[in-house]
Structure formats: C-alpha cells, structure tokens
Amino acid sequence: MNKIAFDNKLYLSIQRQKIEERIASFDGKLYIEFGGKLFDDYHASRVLPGFAPDSKIQLLIGMKDKVEILVVVNTNHIKSNKVRGDLGITYETEVMRLIDAYHVAGLYVSSVVLSFYEESNPQVESFKHKLEINGIKVYKHYRIAGYPQSIPLIVSEEGLGKNEYVKTTRPLVIVTAPGPGSGKMATCLSQLYHDNKRGLSAGYAKYETFPVWNLPLSHPVNLAYEAATVDLHDMNMIDHYHLENYGITAVNYNRDIEVFPLLKAIFEKIYGRSPYNSPTDMGVNMVGFAIIDDEVAREASKQEIIRRYFTAKKANFLGKFNDDCVDKTEMLMNQTGVSIEDRPCVSACLKKAELTGEPCTSIQLNDGRIVTGKRTSLLGATAASLLNALKLLANIPDDELLISPELIKPIQVLKTGPLKNHNTRIRAEEILIALSIQANSSENAKKAFDQLPNLYGCEFHSSVILSTTDYSTLNRLGIHITEESVSYAKKLYNK
C-alpha cells in the first residue's frame with residue numbers, strides 16, 4: 001500500500017477558509033488567477049501522495065454558489081493553432097473541453113476573454129461565434145503598448161480602460177486559461193480597473209500550488225517543480241520582499257518576484273495604495289499546511305525528479321527541449337542525491353531488453369515487486385507487462401493462459417483487414433478489452449481484471465519510446481511512466 005504524505009480533506013477545509021477570508025478583506029469581490037491545472041493535477045498527486053488530482057475542482061464545487069469561471073485565451077494562440085503538449089489538442093479545442101468539463105462539474109462559466117486582440121481574424125471570429133451560439137459571452141481585451149512597464153498608459157482609458165468590461169455576478173471569479181501566456185494577469189488587472197471606476201474595490205489573488213511557499217527552497221517538493229518546468233526556465237527564489245517586510249522566509253518563483261514592483265505600482269495607481277507588500281502576500285495557496293509526512297513527500301518528489309529527467313531526455317531527443325533542459329534536470333537529481341539507479345524498474349527493463357534483444361517494459365508494483373514484458377509476435381511489450389503484473393497481483397501462475405487465442409485472433413484480423421494496420425501485435429488497451437471479455441467466462445481472467453485498480457501509482461519503464469496509444473492507456477491507469485530515448489523500430493512517428 002502506498003504511503004500517504006498529504007491530508008486532502010484538511011487541505012480542502014483550510015484552503016476554502018483562506019479564500020473566503022481573502023474575499024471578505026475586499027469589497028466582497030475577488031478575482032483569483034489560477035495557475036497550473038484545475039483538472040488532473042497528477043504532478044501534485046505524485047509529489048504529495050494523498051493529494052487528489054481533482055482537488056481544485058472539488059474545492060470550487062464546495063463553493064459553487066459563490067463561483068464563476070472566466071477563461072482567457074490568447075488570440076495569437078488561436079491563429080497559430082497552438083497545441084497543448086500533454087494532450088496534443090489545440091488551445092481552441094482545449095478551451096471548449098475545459099468549459100464542458102466545468103459544466104459537467106456543475107460550475108458556472110460566465111465568459112471567455114479573447115486577449116491580445118488586435119484585428120478581426122477569420123479563425124478567431126469563427127471561434128468567437130462557436131462560443132456565443134453555445135451561450136458563452138465573449139469579450140475582447142487588447143494589446144497595450146509597453147505592458148507591463150508603462151504604468152501611466154496601462155492604468156488609463158487608452159490602456160486597461162480600452163478593454164471590454166467583463167460583467168460578473170458572483171463574489172469569486174476564477175480566471176483560468178488553456179496554458180501559459182494567455183493573459184490571465186492582464187485580465188485581472190483590467191477587471192480591477194473597471195470595477196474601481198464603478199466604485200467597487202475588488203481584490204486580486206494568485207492560486208499556484210507550486211512552489212510551496214512555506215517549504216525550504218531546497219526541499220525536494222520545490223525542486224520537483226523546477227524539474228517540471230525546465231522548459232519555462234522557472235527558478236525558485238527566496239521572496240526577499242516578504243523577508244524584508246515580515247522577517248519570514250518564503251519561497252516564490254522568479255517571474256512573480258521580478259514583476260512584483262510593477263504590479264505593486266499598478267495596484268497603487270488603481271487603488272491609491274497596494275494591498276500587498278510581497279508576491280507571497282498575493283497567494284492563497286495552503287498546500288504546505290496539509291503535508292502530514294514530510295519524509296514521504298521528500299522521497300516521492302525525488303522519484304518525480306528522476307521521472308522528469310527521462311521526460312526531458314525524451315523531449316530533447318524529439319527536438320522539443322534543448323540540452324539545457326536535460327542538464328538542469330540532471331543537476332536537480334545531483335542536488336537531491338538521486339540517480340536513475342534509484343528507479344528500480346529502469347535496470348530491470350534494460351536487463352530484459354539486453355537479454356532478449358527485443359523492446360521490453362517493466363512494472364514495479366506498489367509493494368516493490370517487479371515484472372517485465374517483451375515484444376512477441378502476438379503482444380506488444382506494454383501489453384505483455386500489464387498481463388504479467390495482473391497475474392502477479394492475482395496470484396495466478398506466470399504460465400497460465402489468461403486470454404484465449406480464439407479471442408485474440410479476430411482482433412488481429414480486424415487490425416490487418418478493415419483497419420489496414422501493418423502492426424498485428426496487440427496493444428495495451430486492446431489486451432485489457434480482451435481480458436474484460438474473457439472475464440465473463442474465466443475465473444482467472446476475472447481475478448486478473450479485478451486487480452486493475454491496484455496498478456494505480458505503479459512505476460513503469462520502457463526500453464523504447466512508447467506509442468501514443470500505449471502511453472495514453474498507462475496514463476489513464478494512473479501508472480507513472482518513463483522511457484528510454486530510443487525510437488521504436490527506428491520510426492519517426494509512433495501511434
């Protein structure tokens with residue numbers, strides 16, 4: 001059983017209290033710039049075992065009568081068809097996916113802001129039309145020359161005043177976006193300016209899970225955040241503004257610290273004074289107060305740094321990251337005193353691959369036991385290791401046949417026939433579907449199938465880069481994946 005480092009119930013309670021206190025400190029109106037992911041925050045759940053990936057959504061659901069959501073999207077990202085790297089979908093599609101997900105959760109999405117709007121563009125107008133015919137209000141916010149340095153222009157009718165005022169009706173407005181660079185901060189400032197003109201002293205806050213401000217700068221949880229953002233060149237720093245004003249050491253990241261003097265000046269221009277003395281003041285994140293086992297969090301974060309090293313190497317191999325990103329994650333491994341040898345599934349996988357001469361995978365179960373799988377004429381390596389892991393968990397002998405060949409053969413015929421797939425090997429998702437069917441007539445297959453939830457949190461390594469379909473299947477099972485930066489069968493594209 002996995003050890004727990006984080007009390008999620010406590011977190012939701014103290015986080016809600018903190019946000020409600022911040023709303024009350026202004027005129028009952030607060031804009032919160034949400035950083036990171038509202039859904040599926042698997043990074044947080046990996047470095048803080050016990051953190052629920054949907055914690056932020058659960059928090060908002062608990063306050064849903066007070067909450068409305070405002071989504072900001074950069075029009076340049078729409079025009080360039082910018083893609084979200086982890087999901088492989090455009091920002092335009094991601095905005096609509098997010099809105100649907102918020103609606104399913106019972107949350108109210110009031111509007112979308114088109115930021116950096118300059119002139120009419122067919123793609124942007126089509127996107128705007130799609131949103132409006134589905135009942136979503138759309139507002140235009142414009143590029144401000146000299147933002148954020150030219151404060152007199154920014155805080156004027158020709159700057160923030162030029163933006164369309166987003167009409168909101170609830171006390172807590174969550175400002176979110178499909179990705180970085182969308183313009184969330186500028187949108188919040190625009191709303192503060194317009195509200196102030198209308199006699200309302202609304203508030204602003206940031207909600208970033210990482211870095212954890214009340215953990216040490218060198219704590220593995222904070223270093224794991226640096227490893228996760230090597231491509232953004234984020235760097236954790238001591239918030240010297242907080243230290244100078246309160247005598248308290250707090251950790252923030254470089255971009256917030258660097259821009260704080262400008263934000264403070266903008267606040268002073270809007271309000272006549274700044275409500276905050278430091279970047280840390282602006283935050284409402286209480287995650288550090290819900291860590292109940294520091295040692296478990298440290299070890300989990302060290303493992304995440306190793307995983308991020310493999311991720312950076314893969315991205316570098318595929319031309320997405322430069323060498324500096326790999327060097328940075330390697331430096332973070334050295335700083336925390338770990339290496340790839342501290343990830344047991346790696347050596348098990350590579351030994352199996354060297355022995356067989358085939359692509360291989362390994363799975364380390366939550367109790368520490370390791371199984372491997374190799375590519376055969378029938379199964380892909382990922383499918384093989386999944387079956388072997390389920391057998392071990394269900395105490396089924398390794399040589400026991402779980403799935404009848406008569407069930408596998410039609411799948412192969414379908415793949416090579418109507419689907420015209422050159423690869424007849426059964427992939428991970430296909431083997432699990434076959435196992436679910438076999439479970440209706442086989443006691444052992446049912447026993448193995450019932451073990452699927454116990455794969456959550458297991459560690460996995462592949463001797464080659466996985467196909468996108470196998471990667472997706474493992475990810476949905478909650479398995480933590482690393483891969484060697486080796487092309488499968490010397491292919492440039494795997495699906």
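Heavy atoms only: backbone and side chains are in, while hydrogens, waters and symmetry mates are out.
- Using modelled atom types and a 3.5 Å distance limit, the side chains of Tyr309 and Glu330 yield no donor-acceptor pair.
- Taking all atoms of both residues into account, the shortest heavy-atom contact from Ala381 to Thr361 is O-OG1, 2.8 Å.
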Exercise for review: Just do the salt bridge (Lys or Arg N to Asp or Glu O under 4.0 Å) check on Glu459 and Arg307 with the steps written out, would you?
Suggested key: CA-CA 10 Å; Glu459 305 294 335; Arg307 288 190 288 265; 3.0 Å; yes

Check your understanding: side-chain contact (heavy atoms from CB on, under 4.5 Å) between Val287 and Phe6: does it pass, once the steps are laid out?
Key -> CA-CA 9 Å; Val287 70; Phe6 190 81; 3.3 Å; yes

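- In this structure, CD in Gln451 is found 14.0 Å from NZ in Lys391, a value given to the nearest 0.5 Å.
- Taking each heavy atom of Asn76 and Asn74 in turn, the nearest pair found is N-OD1, 2.8 Å.
- Residues Leu332 and Glu226 are in side-chain contact: their nearest non-hydrogen atoms beyond the backbone lie under 4.5 Å apart.
- Side-chain atoms of Asn8 and Ser55 include a donor-acceptor pair closer than 3.5 Å.
- Taking 4.5 Å as the limit, every side-chain heavy atom of Thr229 sits out of range of all side-chain heavy atoms of Phe210.
- The closest side-chain donor-acceptor pair between Ser467 and Arg427 falls under 3.5 angstrom.
- Nearest heavy-atom pair across Ser404 and Gln438 is N-OE1, 2.8 Å.
- Side-chain contact of Asn366 with Asn454: a donor-acceptor pair under 3.5 Å is absent, judged by distance alone.
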**Study point:** side-chain contact (heavy atoms from CB on, under 4.5 Å) between Thr372 and Asn388, worked out
**Key:** CA-CA 7 Å; Thr372 58; Asn388 290 338; 5.7 Å; no

Review point. side-chain contact (heavy atoms from CB on, under 4.5 Å) between Asn222 and Val212: does it pass, once the steps are laid out?
Key: CA-CA 6 Å; Asn222 283 335; Val212 181; 3.8 Å; yes

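- In summary, Glu443 and Lys447 do not engage in a salt bridge, as defined by a charged side-chain N under 4.0 Å from a carboxylate O.
- Note: Leu432 CG to Ile403 CD1 = 8.0 Å, rounded to the nearest 0.5 Å.
- At least one side-chain heavy atom of Lys206 sits under 4.5 Å from a side-chain heavy atom of Glu33.
- When side chains are defined from C-beta on, Pro216 does not count as touching Val251, because their heavy atoms never get closer than 4.5 Å.
- Within the 4.5 Å cutoff, no side-chain heavy atoms of Lys302 are placed close to those of Asp342.
- Partner Leu38 forms a side-chain contact (heavy atoms from CB on, under 4.5 Å) with one of Leu59, Leu60, Asp54, Leu107 and no other, that one being Leu60.
- Between the CG atom in Leu243 and the OG1 atom in Thr249 there is a gap of 5.0 Å [rounded to 0.5 Å].
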Practice item. Any chance you could lay out the side chain to side chain donor-acceptor pair (under 3.5 Å) test for Asp281 and Tyr246, step after step, and finish with the verdict? Key: CA-CA 10 Å; Asp281 274 351; Tyr246 306 107; 2.6 Å; yes

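- Contact check on Lys130 versus Glu92 returns a salt bridge, with a Lys/Arg side-chain nitrogen under 4.0 Å from an Asp/Glu carboxylate oxygen.
- Ile481 contributes atom CD1, which lies 10.0 Å from atom CD1 of Ile363 (distance to the nearest 0.5 angstrom).
- In this structure, Ile370 and Ser362 approach most closely via the heavy-atom pair CG2-CB, 4.3 Å.
- A salt bridge links Arg97 with Glu94: the closest approach of a Lys/Arg side-chain nitrogen to an acidic carboxylate oxygen falls below 4.0 angstrom.
- Taking the six-membered ring for Trp and thresholds of 30 and 60 degrees, Tyr253 and Tyr225 have ring planes more than 60 degrees apart, a perpendicular arrangement.
- Note: Arg425 CZ to Ile431 CD1 = 13.5 Å, rounded to the nearest 0.5 Å.
- Residues Pro178 and Val73 meet the side-chain proximity criterion, which asks for heavy atoms closer than 4.5 Å.
- Minimum interatomic distance between Gly35 and Lys56 (heavy atoms only, all atoms of both residues): O-NZ, 3.0 Å.
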Exercise for review: Show your working on side-chain contact (heavy atoms from CB on, under 4.5 Å) between Met185 and Tyr204 and close with a plain yes or no.
Suggested key: CA-CA 9 Å; Met185 166 70 79; Tyr204 164 79; 3.0 Å; yes

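- For the residue pair Gly179 and Tyr91, the shortest heavy atom distance occurs at CA-OH, 3.5 Å.
- Side-chain contact check for Gln17 and Glu21: at least one donor-acceptor pair (N or O, by modelled atom type) lies under 3.5 Å.
- His233 and Asp324 share no donor-acceptor pair across their side chains, judged by distance under 3.5 Å alone.
- Partner of Cys349 under the side-chain contact (heavy atoms from CB on, under 4.5 Å) criterion, out of His461, Lys374, Glu484, Glu483: His461 alone.
- Inter-residue side-chain proximity for Leu455 and Leu393 is flagged as met; some heavy-atom pair is nearer than 4.5 Å.
- Counting only heavy atoms from C-beta outward, the side chains of Leu318 and Ile465 approach each other to under 4.5 Å.
- The distance from the CD atom of Glu20 to the CG atom of Leu172 is 9.0 Å, given to the nearest 0.5 Å.
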